[in-house]
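This report concerns only the one structure given below.
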Amino acid sequence: MKRIVAIALLLALAGLMAAVASLAGEIRRQSLIDEAQPADAIIVLGAAEYRGRPSPVLEARLNHALFLFLKHMAPRIITTGGAGGDPVFTEGSVGRAYLAEHGVPPEAIVVEREGESTAQSVVAVVEIMRRMNLRSAIVVSDGYHILRVKRMLESSGLRVYGSPRPSAPPGDWQYYRQAVGYLLWRVGINV
């Protein structure tokens, strides 16, 4: 009996590992595709900020969103991200300030400043988009982040296009990390 249980556990583990590897491959493929096309909004996923200034990762995401906005891909930009330990600034508000300093009209920028995780930010963005009657979006983030966010937003009925910020390819672990995060989200664990 113990042998049967051990074999069943090994098979289940092998199946889980195969699912994670397959999903990581799908995340890698999505990370290389720029699907940007006209939409109702551009969503910029938050990243670290330092005393009111965007980190290099956040700045690169904001610059890519600015590029899309200037190409008239969407009339609005939604910046996301909570405080992340900073008592004064949020990633979303730092993103808004940066974009406004670079010529985006303040009325074209919507801020989500409560999310402490990707899942929390996505839930808040869906609510913002519903209230504003927005039905489609371009998601800007690092390439390895796009598929998970797209699927989360699509599960709420939105049309979503990914547009990864230009960057060097990440390590393979990022694809696996996102795969695990996506699978956890699918079973109701938000990370």
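Numbers for residues simply follow the sequence, beginning at 1.
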- Could I get the full list of side chain to side chain donor-acceptor pair (under 3.5 Å) partners for Arg135, not counting sequence neighbours? Asn133
- Evaluation steps, side chain to side chain contact (heavy atoms under 4.5 Å, CB included), between Glu49 and Ser55: CA-CA 5 Å; Glu49 59 79 22; Ser55 66; over 6 Å; no
- Task: Might you work through the side chain to side chain contact (heavy atoms under 4.5 Å, CB included) test for Tyr161 and Val139, ending with a clear yes or no?
- Result: CA-CA 6 Å; Tyr161 314 105; Val139 173; over 6 Å; no
- Asp40/Arg76 salt bridge by N-O under 4.0 Å criterion: no
- Query: Can you tell me how far the CG atom of Leu183 sits from the CD atom of Gln178, to the nearest 0.5 Å?
  - Reply: 11.0 Å
- Query: What's the shortest heavy-atom distance between Ala47 and Leu58, and which atoms?
  - Reply: O-CD2, 3.6 Å
- Partner residues of Asn63 under the side chain to side chain donor-acceptor pair (under 3.5 Å) criterion, sequence neighbours left out: Tyr98
- Item | Side-chain donor or acceptor of Arg29 paired with backbone N/O of Gly25 under 3.5 Å | yes
- Message: Side chains of Arg148 and Thr118 only: does a donor on one sit below 3.5 Å from an acceptor on the other?
- Response: yes
- Transitive ILVMFWY side-chain link Val140 to Met152, under 4.5 Å: no
- Message: Is it the case that the side chain of Arg96 and the backbone of Pro106 share a donor-acceptor pair, with hydrogens and angles ignored and the cut-off at 3.5 Å?
- Response: yes
- Task: Answer with yes or no whether the side chains of Ser93 and Thr90 bring together a donor and an acceptor at under 3.5 Å.
- Result: yes
- Quick one: CD on Glu35 to CD1 on Ile146, what's the gap to the nearest 0.5 Å? 8.5 Å
- Shared ILVMFWY cluster between Tyr176 and Leu184, side chains joined below 4.5 angstrom? yes
- Note on the structure: Between Leu62 and the options Thr79, Val104, Val57, Val94, the side-chain contact (heavy atoms from CB on, under 4.5 Å) test singles out Thr79
- Task: Can you sort out the partners of Tyr182 under ring-ring contact (aromatic ring centres under 6.0 Å, His included), two or more places apart, ordered by chain and number?
- Result: Trp185
- Applied to residues 6-23, the side-chain hydrogen bond (donor to acceptor under 3.5 Å, both in side chains) test, sequence neighbours excluded, yields none
- Using the side chain to side chain contact (heavy atoms under 4.5 Å, CB included) rule, take Leu134 and Ile128 through it: C-alpha gap first, then chi angles, then the decisive distance, then the call. CA-CA 8 Å; Leu134 306 176; Ile128 289 167; 5.6 Å; no
- Query: Salt bridge between Arg28 and Asp172, side-chain N to carboxylate O under 4.0 Å?
  - Reply: yes
- Ile43, Met73: one ILVMFWY side-chain cluster at the under-4.5 Å cut-off? no
- Hey, does the side chain of Glu112 reach the backbone of Glu114 with a donor-acceptor pair shorter than 3.5 angstrom? yes
- Message: The criterion is side chain to side chain donor-acceptor pair (under 3.5 Å); which residues satisfy it with Glu116, sequence neighbours excluded?
- Response: none
- Query: How many angstroms lie between CD in Gln37 and CG in Leu68, if you round to the nearest 0.5 Å?
  - Reply: 11.5 Å
- Message: What I want to find out is whether Arg159 reaches Glu154 closely enough, with some N-O distance under 4.0 Å, to be called a salt bridge.
- Response: no
- Query: Does one hydrophobic cluster hold both Val160 and Met132, with members joined at side-chain heavy-atom distances below 4.5 Å?
  - Reply: yes
- Does Ile33 belong to the same Ile/Leu/Val/Met/Phe/Trp/Tyr cluster as Leu147, with side-chain heavy atoms less than 4.5 Å apart forming each link? no
- According to the ring-ring contact (aromatic ring centres under 6.0 Å, His included) rule, which pairs have a member within residues 4-45, sequence neighbours left out? none
- Message: Show, in sequence, the C-alpha distance, side-chain angles and deciding distance for Thr80 and Val44, and conclude whether the side chain to side chain contact (heavy atoms under 4.5 Å, CB included) test is met.
- Response: CA-CA 6 Å; Thr80 71; Val44 184; 5.9 Å; no
- Does Ser141 reach the main-chain N or O of Leu45 with its side chain, forming a donor-acceptor pair under 3.5 Å? no
- Query: Between Asp142 and Tyr144, is there a donor-acceptor pair closer than 3.5 Å when you use the side chain of the first and the backbone of the second?
  - Reply: no
